[in-house]
Every structure is written in structure tokens, then in C-alpha cells.
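Some notes on the structure that comes next.
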Amino acid sequence: MSPRPRIDRTHSASWQAIFDRFDIHDHDFNAGPFEISAEQIKVACQHFERTSEKEVRILCKQDTRESRPQVFSDKGLFILPISNGVYSIIMGEGYIDVPIIEEPIIDYNSQFPFELETSQIGDSEMQHLDRAYAMSLIRHFAEDESLVLTIRGRKYSPEFDFVTGEFQIHVDGVQTEVDAGYEGVEQVVLIEAKGGEATNTIIRQMYYPFRQWQYHTDKEVSTLFFQRDRDGIYNLWQFSFANPDDYNSIHLLRSGRYRILLGED
């Protein structure tokens with residue numbers, strides 16, 4: 001039997017207070033989601049002293065199954081933003097496993113003319129992603145030499161509707177963020193980058209930007225997940241949505257593990 005996932009109990013007391021304050025324990029999640037506002041969360045958590053126990057942004061950041069508070073784990077729930085300052089608590093599967101890449105490591109011979117010394121300082125996911133792009137690994141994996149960096153940072157989404165499980169969700173003006181977005185002649189490539197070795201991730205981080213940029217361009221929108229592991233190997237996964245209107249239709253197209261070698265033929 002596999003071990004139970006570690007639950008982030010740091011936020012469990014806060015969410016217990018929120019559920020108690022608004023009688024969410026009695027809500028029938030099989031019948032539909034429960035909507036809650038940032039103001040309601042603040043009211044329920046105002047007696048807590050630490051910022052991490054009452055800051056809405058922190059409490060609603062549940063990027064992995066393990067980062068959900070106890071009540072979410074017990075009831076099989078996840079949370080999504082649906083408008084500015086409004087969230088939907090939903091029963092169902094909000095996460096996707098990040099598959100282990102079984103294929104051998106590929107030696108990628110970059111023709112970049114010199115090593116980037118500044119990219120070796122620190123250990124952030126952004127610097128690793130920037131190096132992978134500079135060395136043309138991103139272009140190589142995406143099979144598109146025309147890609148250039150055009151998207152980075154936070155933006156607000158247009159209106160869109162989707163289904164998750166049996167529930168219809170409406171989104172309007174939610175803040176989205178991609179770690180990097182690249183535009184080529186025929187496609188836009190969006191990347192969600194994670195440090196460490198995440199085993200699962202909330203689908204929202206790929207789905208919301210996917211829907212947003214589908215709205216803004218007629219080009220194909222591709223979604224990649226990126227990690228550099230502790231051995232310096234670059235891991236890339238390409239996900240797609242079989243039905244763009246279905247949050248849970250995400251599936252893996254392909255993946256690869258790369259070791260970047262500089263200036264070798």
C-alpha cells in the first residue's frame with residue numbers, strides 16, 4: 001500500500017474555521033460547488049495571528065494534492081478562482097500526475113557559442129527555464145525554431161466556461177500567470193515550470209492560460225510542463241486537452257529528459 005500523501009496542516013485550522021463559519025460542512029458537493037469570496041475568507045480568519053493563516057492568496061494556493069488542507073483532502077475537494085476575489089470549492093479531481101519519464105536521457109548538443117555563467121548562480125526554476133530556452137532546448141522539444149519569448153508574468157483572463165466532472169464553471173477576469181510563453185509562426189507555446197521534483201500539479205495552472213491564449217490567437221496553443229532535477233537533467237512534458245471545454249480532458253502527448261551539452265557536434 002502506498003503511503004498517504006502529506007497534508008499541509010499549516011492551512012488546515014484556517015479552512016476548518018472557514019467551513020465552520022459558513023456551514024460548508026453541510027453543503028452537498030455532489031449537487032454542485034460552493035462559492036466563497038475573499039471577503040468571507042478574511043472574516044472567518046481574522047482572529048488568526050500569522051499571515052500564512054489568514055492571507056487569502058496563501059490559503060487558496062493549493063498547487064498540489066498534498067498542499068490541500070485536511071478538510072479538502074477528507075472530502076475530495078479542490079479550489080479554483082472564478083472571478084476577481086471569488087473562488088469555487090469543487091468536488092472531484094483537480095490535479096494531474098506528472099508521469100515519470102522512463103525513456104533514457106537524451107544528450108542535447110546545443111550550438112550556443114558560450115556557457116551562460118550567470119545562469120549558474122542560484123537555483124530558481126526561472127533561470128533554468130531561461131537557460132533551456134537560450135540553448136534552444138525549448139525550440140528543439142517543441143520542434144519549432146521560430147519560437148521567441150513574448151509572454152511572461154500576470155494577466156487577466158477573458159470570460160470562458162468549462163466543465164469539470166459534472167459541474168459547469170464560469171470564469172471571468174481571473175489573474176493568470178505563465179512562467180514563459182513563446183510565439184512561433186504557427187503556434188504559441190506556454191510553459192509551467194516547477195522546481196524540485198513535483199509528482200502532481202493542479203490542472204488550473206496549465207488550463208487557464210491555455211484557454212486565455214486560445215481566445216487571443218488563432219494559432220495552435222501548446223502547453224508544456226518543465227522541471228530541472230537535482231542532477232541537472234531537463235525534463236519536459238507536453239500536455240493537451242482533448243476537449244478544450246473540459247478541464248479534466250488533459251492528457252500527456254509526449255515527454256523527454258535532456259542533458260545539455262555545449263558546442264558539440
Side-chain angles (χ1 to χ4, degrees), residues 5 7-8 10-46 52-97 154-178 192 200-215 223 239 241-250:
I7 306 303
D8 187 348
T10 303
H11 302 156
S12 290
S14 301
W15 277 105
Q16 184 68 39
I18 295 165
F19 271 60
D20 291 345
R21 177 66 181 262
F22 299 107
D23 299 321
I24 306 176
H25 295 288
D26 297 327
H27 179 76
D28 183 1
F29 283 99
N30 288 304
F34 185 93
E35 290 188 11
I36 189 165
S37 70
E39 288 304 315
Q40 287 175 302
I41 294 172
K42 290 177 183 178
V43 167
C45 296
Q46 61 185 333
S52 62
E53 295 176 310
K54 59 184 178 181
E55 173 64 43
V56 175
R57 179 186 59 83
I58 296 173
L59 295 177
C60 294
K61 181 177 172 60
Q62 302 175 19
D63 292 346
T64 65
R65 293 188 186 99
E66 295 77 22
S67 65
R68 294 176 299 168
Q70 187 72 56
V71 67
F72 279 71
S73 179
D74 290 346
K75 294 177 179 291
L77 306 174
F78 66 103
I79 190 168
L80 293 176
I82 56 173
S83 65
N84 188 15
V86 181
Y87 299 84
S88 186
I89 302 173
I90 307 165
M91 175 174 284
E93 180 54 86
Y95 301 83
I96 185 171
D97 291 326
R154 297 182 177 91
K155 292 180 173 59
Y156 285 90
S157 74
E159 285 189 70
F160 61 89
D161 296 290
F162 65 91
V163 295
T164 175
E166 300 178 356
F167 308 124
Q168 184 84 21
I169 307 295
H170 178 75
V171 168
D172 182 13
V174 168
Q175 184 173 274
T176 66
E177 183 174 11
V178 294
E192 175 64 24
N200 65 84
T201 187
I202 192 163
I203 298 169
R204 170 187 57 78
Q205 290 186 322
M206 289 184 279
Y207 184 70
Y208 278 25
F210 168 75
R211 289 298 304 271
Q212 176 172 14
W213 290 102
Q214 268 202 329
Y215 177 86
T223 302
F239 290 97
F241 294 89
N243 177 358
D245 297 322
D246 187 344
Y247 179 93
N248 296 109
S249 70
I250 189 170

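Nothing here was measured: the structure is a model prediction, and the numbers come from that model. Side-chain atoms are counted along with the backbone in the values below, which use heavy atoms only and exclude waters and symmetry mates.
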**Item:** Test item: M91 and N30 side chains (from C-beta on) under 4.5 Å apart, heavy atoms
**Value:** yes
**Prompt:** Just by distance, do the side chain of E55 and the backbone of S52 share a donor-acceptor pair under 3.5 Å?
**Reply:** no
**Request:** Under the side chain to side chain contact (heavy atoms under 4.5 Å, CB included) rule, what do I82 and E35 come out as? Steps first, then yes or no, please.
**Result:** CA-CA 9 Å; I82 56 173; E35 290 188 11; 3.6 Å; yes
**Request:** Could you tell me whether the side chain of H27 and the main chain of G32 form a donor-acceptor pair under 3.5 Å?
**Result:** yes
**Asked** Which pair of heavy atoms, one from I202 and one from G94, lies closest together, and at what distance?
**Response** CG1-O, 3.4 Å
**Prompt:** Would you say the side chain of P81 lies within less than 4.5 Å of the side chain of Y208, judging by non-hydrogen atoms?
**Reply:** yes
**Item:** Point-to-point distance, once rounded to the nearest 0.5 Å, from CD of E166 to CD1 of I90
**Value:** 13.0 Å
**Prompt:** Is there side-chain contact between Q168 and D161, with at least one heavy-atom pair below 4.5 Å?
**Reply:** yes
**Message:** Just by distance, no angles: are the side chains of E53 and S14 close enough, under 3.5 Å, to form a donor-acceptor pair?
**Reply:** no
**Asked** Any side-chain heavy atom of Q212 within less than 4.5 Å of one from K155?
**Response** yes
**Request:** Answer yes or no: is there a side-chain heavy-atom contact under 4.5 Å between F162 and D246?
**Result:** no
**Request:** Ignoring hydrogens and angles, state whether a donor on the side chain of N248 or T164 is under 3.5 Å from an acceptor on the partner side chain.
**Result:** yes
**Request:** Enter the distance from I24:CD1 to L77:CG here, rounded to the nearest 0.5 Å.
**Result:** 9.5 Å
**Prompt:** When rounded to the nearest 0.5 angstrom, what is the spacing between CD1 in I41 and NZ in K54?
**Reply:** 14.5 Å
**Message:** For a 4.5 angstrom cut-off between non-hydrogen side-chain atoms, does I203 reach F239?
**Reply:** no
**Any side-chain donor near an acceptor of the partner, Q16 and H11, under 3.5 Å** = no
**Prompt:** Is there a donor in the side chain of R211 and an acceptor in the side chain of Y215, or the other way round, less than 3.5 Å apart?
**Reply:** no
**Asked** Going through the distances and angles, do F160 and D245 end up as a side chain to side chain contact (heavy atoms under 4.5 Å, CB included)?
**Response** CA-CA 9 Å; F160 61 89; D245 297 322; over 6 Å; no
**Asked** Are the aromatic ring centres of F241 and Y247 under 6.0 angstrom apart?
**Response** no
**Request:** Would you please classify the geometry between the F19 ring and the W15 ring as parallel, tilted or perpendicular, with 30° and 60° separating the classes?
**Result:** perpendicular
**Item:** Polar side-chain atom of S157 near backbone of V174 as donor-acceptor pair, under 3.5 Å
**Value:** yes
**Prompt:** Does D97 pair with R65 as a salt bridge, N-O distance under 4.0 Å?
**Reply:** yes
**Heavy-atom side-chain proximity of F78 to Q62 below 4.5 angstrom** = no
**Message:** Hydrogens and angles aside, do E66 and N200 bring a side-chain donor and acceptor to less than 3.5 Å of each other?
**Reply:** yes
**Message:** For F22 and F34, I'd like to know if the aromatic rings sit close, meaning centre-to-centre distance below 6.0 Å.
**Reply:** no
**Request:** Decide yes or no on side chain to side chain contact (heavy atoms under 4.5 Å, CB included) for S88 and I79, but give the supporting numbers first.
**Result:** CA-CA 6 Å; S88 186; I79 190 168; over 6 Å; no
**Side-chain touch I89/I36, heavy atoms, less than 4.5 angstrom** = yes
**Message:** Could you measure the distance from the OG atom of S12 to the CD atom of Q70? Nearest 0.5 Å is fine.
**Reply:** 5.5 Å
**Prompt:** Distance from Q205 atom CD to D63 atom CG, nearest 0.5 Å?
**Reply:** 4.0 Å
**Item:** Separation of T176 OG1 from F210 CZ (nearest 0.5 Å)
**Value:** 13.5 Å
**Prompt:** Given the rule in the side chain to side chain contact (heavy atoms under 4.5 Å, CB included) test, do H25 and D20 qualify, once you have shown the distances and angles that lead to the verdict?
**Reply:** CA-CA 7 Å; H25 295 288; D20 291 345; 2.9 Å; yes
**Message:** Tell me whether Y207 contacts the main-chain N or O of P244 through its side chain, where contact means a donor paired with an acceptor under 3.5 Å.
**Reply:** yes
